[in-house]
Amino acid sequence: MNRFFQMLGVFFLLVCLIPLPFVHAADSQSIQIKGSDTMVNLGQAWAEAFMEANPSVLIAVTGGGSGTGIAALLNRTCDIAQSSREMSEKEYELAESKGLEVQRMSVGIDSIVFVVHPENPVSQLTIDQLSDIFTAKITNWKEVGGPDEPILVLSRERNSGTHVYVLEEIVRKGKKDGTEEFAPSVLMMLSSQAIEQEVTDNKTAIGYFGLGYLNEQVKALSIYNPKTNTYVAPNLEDALNGTYPISRPLLFYLPNKLEGAVKQFVDFVLSEKGQSIVLDMNFVPLKKSEA
Amino acid sequence: MRKYYEFVVEGLIFISGIASIIFVLLIFIFLLKEGLMLFRQVGVFEFLFGEHWYPISEPPRLGILPLILGSLWVTFGATVISVPIGVACAIYIGEIAPGWLREILKAGVELLAAIPSIVLGFIGLVTLVPLVKKIFHLPTGLTALSGSIMLAFMAMPTIVSIMEDALNAVPRGYREGSVAMGATKWQTIRRIVLPSASSGIIAAVMLGIGRVIGETMAVMMITGNAAMIPKSFFQPVRTMTATIAAEMGETVQGSDHYFALFAIGIVLFAITFVVNLFADMSLHQKQARV
């Protein structure tokens with residue numbers, strides 16, 4: 001019986017001691033980055049390059065959506081929230097009520113592409129038409145010059161910054177007081193990957209994701225730009241000079257006071273090297289877009 | 001000293017014994033506390049029977065009727081598929097199969113229960129979904145039907161193993177008596193064994209339903225998640241579980257959306273509670289009779 005309790009004691013001692021080195025490591029240098037799925041790969045690329053130069057820093061990048069990242073920042077479970085949309089009034093109020101001063105920092109620019117199956121004859125749309133498709137006012141491809149087939153409309157889930165951006169800028173056409181919504185019949189997909197998969201397999205589907213995800217399997221639609229009176233195909237150049245009409249800033253939200261590894265990392269992201277990674281990942285870097 | 005040890009050990013075992021009840025209570029209280037906060041802002045009727053789920057709009061519209069119906073449709077479909085197959089499977093294992101085959105089949109069914117639901121969801125996504133689309137000429141295979149078929153696989157092990165226990169509990173004498181009277185094997189199963197085990201069978205079915213309605217990952221991957229009121233099995237649906245899983249990460253603690261997700265949790269809890277209650281009642285009924 002005594003032996004049993006001795007063992008029990010040793011066991012508990014071990015359980016208490018095992019986490020110690022980890023706690024210590026967490027104390028020294030670790031950054032939690034969370035948020036936009038659009039930016040996960042970008043954040044990962046930054047993190048890898050940064051960790052190569054600073055092996056003592058451990059950076060963990062996770063996705064889940066912009067809202068997830070901002071929620072985590074407000075709940076103090078991450079250091080940097082990656083976001084592909086602006087923080088809402090409500091979120092600012094919540095931050096204030098939690099005693100957290102948040103700063104906004106743009107780190108790059110992203111363009112949204114609308115994609116269809118390569119065999120779909122439709123290759124260009126206006127933002128009005130897109131809005132009608134996503135609110136189910138247009139439900140057949142023949143209404144926009146395609147075959148007589150019902151349109152299968154795909155969207156990202158609500159935790160996605162891209163969802164919110166498309167809701168505000170496309171479905172509501174950028175009107176602040178717009179009340180249009182995604183039609184209930186719109187399929188909510190869990191990731192950009194899932195949308196790409198479905199569009200690849202499905203001749204009647206239309207979906208959207210960030211320019212960085214675009215590949216040969218799907219066809220990107222040209223979007224009408226009323227300023228130039230032309231349809232513009234999504235590509236890096238036109239996103240850079242602003243001719244492609246559907247672009248948005250990529251943001252970091254972080255606490256006002258930066259120190260240690262987080263500050264180093266942010267400086268790295270804004271440096272020339274960090275911004276060249278933005279271009280490598282098919283997003284638009286800051287400096288060039290300002291020039 | 002020995003008495004002291006005795007006391008400590010007894011105490012530890014007692015705590016472990018009542019731990020599950022305490023946890024259930026704590027979870028239930030937390031669920032109620034968070035979920036009921038919603039009803040300061042939104043009416044119960046509006047919440048349960050509202051036809052529009054737009055939680056992130058301003059102002060949010062938090063009607064979960066499409067989600068409740070989505071869950072019920074998928075569950076109904078899975079029940080229709082899994083109950084006949086599960087019951088037949090249990091009858092074969094329990095009554096007909098020879099001993100060696102019975103062991104293999106039982107192990108197989110248990111193995112089916114051991115497959116993680118995300119794996120089933122993934123397999124469904126790449127095999128079943130395109131198949132459903134092709135066979136029924138649908139715009140997409142991400143439908144309630146695909147979800148039902150995949151969930152039927154998950155309900156089967158529960159139905160088969162509990163029902164097999166129920167069949168085993170029927171005294172051997174019943175069968176021998178029936179056969180001695182000149183009844184065939186099928187007559188014995190249909191007229192004697194199944195009626196004697198009926199309450200156990202109902203319990204098996206109910207627990208299978210309970211398993212299905214709470215399932216999340218697989219349905220989220222293959223039902224399309226469109227929050228519309230379903231009119232047929234060939235349409236996408238959005239279930240309550242998938243809604244909670246997909247949206248939980250995004251909500252800020254303390255927002256209406258956050259409370260609404262907990263309120264959905266309460267609805268789910270209520271449904272599974274009723275289902276389990278029925279299952280329990282029919283199981284106890286059986287014990288009282290035998």
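Quick note on labels: first sequence line is chain A, next is B, and so on, each numbered from 1. Excluded from the calculations below are hydrogen atoms, water molecules and symmetry mates; all remaining heavy atoms, backbone and side chain alike, are included.
Electrostatic pairing of B/Lys133 and A/Glu198 does not count as a salt bridge here, judged by no charged N lying under 4.0 Å from a carboxylate O.
For a residue to count as touching a neighbouring chain, one of its non-hydrogen atoms must lie under 4.5 Å from one of that chain's; by this rule A/Arg172 touches chain B with the side chain only. No part of A/Val153 comes within reach of chain B, as not one of its non-hydrogen atoms sits under 4.5 angstrom from that chain. For A/Thr204, the part lying under 4.5 angstrom from a heavy atom of chain B is the side chain only.
Within a 6.0 Å radius of NZ in A/Lys203, no more than 12 heavy atoms belonging to other residues, nucleotides or ligands are found. No more than 12 heavy atoms of other residues, nucleotides or ligands lie within 6.0 Å of CZ in B/Phe76, so this atom counts as exposed by the packing criterion. Remark: B/Ile118 CD1 is loosely packed, at most 12 non-hydrogen atoms of other residues, nucleotides or ligands lying under 6.0 Å away. Heavy atoms from other residues, nucleotides or ligands lying under 6.0 Å from CZ of B/Phe273 number 12 at most. Annotation for B/Glu51: atom CD does not count as buried by contact number, only 12 or fewer foreign heavy atoms lying within 6.0 Å. For CZ of B/Phe122, the number of neighbouring non-hydrogen atoms (other residues, nucleotides, ligands) closer than 6.0 Å is 12 at most.
Scanning residues 127-147 of chain A against chain B with a 4.5 Å non-hydrogen threshold yields no residues. Listed in order of number, the residues of residues 135-151 of chain B that approach chain A to under 4.5 Å between heavy atoms are B/Pro139, B/Thr140, B/Leu142.
Partners of A/Gln197 under the side-chain hydrogen bond (donor to acceptor under 3.5 Å, both in side chains) rule, at least two apart in sequence or in another chain, are A/Asp201.
The distance from the CG atom of A/Leu190 to the CE atom of B/Met220 is 5.0 Å, given to the nearest 0.5 Å. For the atom pair CD (A/Glu181) and CZ (B/Arg61), the distance works out to 6.0 Å, reported to the nearest 0.5 Å. For the atom pair CE (B/Met228) and CG (A/Leu187), the distance works out to 7.0 Å, reported to the nearest 0.5 Å.
A pairwise comparison of heavy atoms in A/Ala183 and B/Tyr54 identifies C-OH, 3.9 Å as the closest pair. Across every non-hydrogen atom of B/Ala226 and A/Pro184, the tightest pair is CB-O, 3.4 Å. In terms of heavy atoms, B/Trp53 sits closest to A/Arg158 at O-NH2, 3.1 Å.
Pairs engaging residues 212-230 of chain B under the side chain to side chain donor-acceptor pair (under 3.5 Å) rule: B/Ser117-B/Glu215 [sequence neighbours left out].
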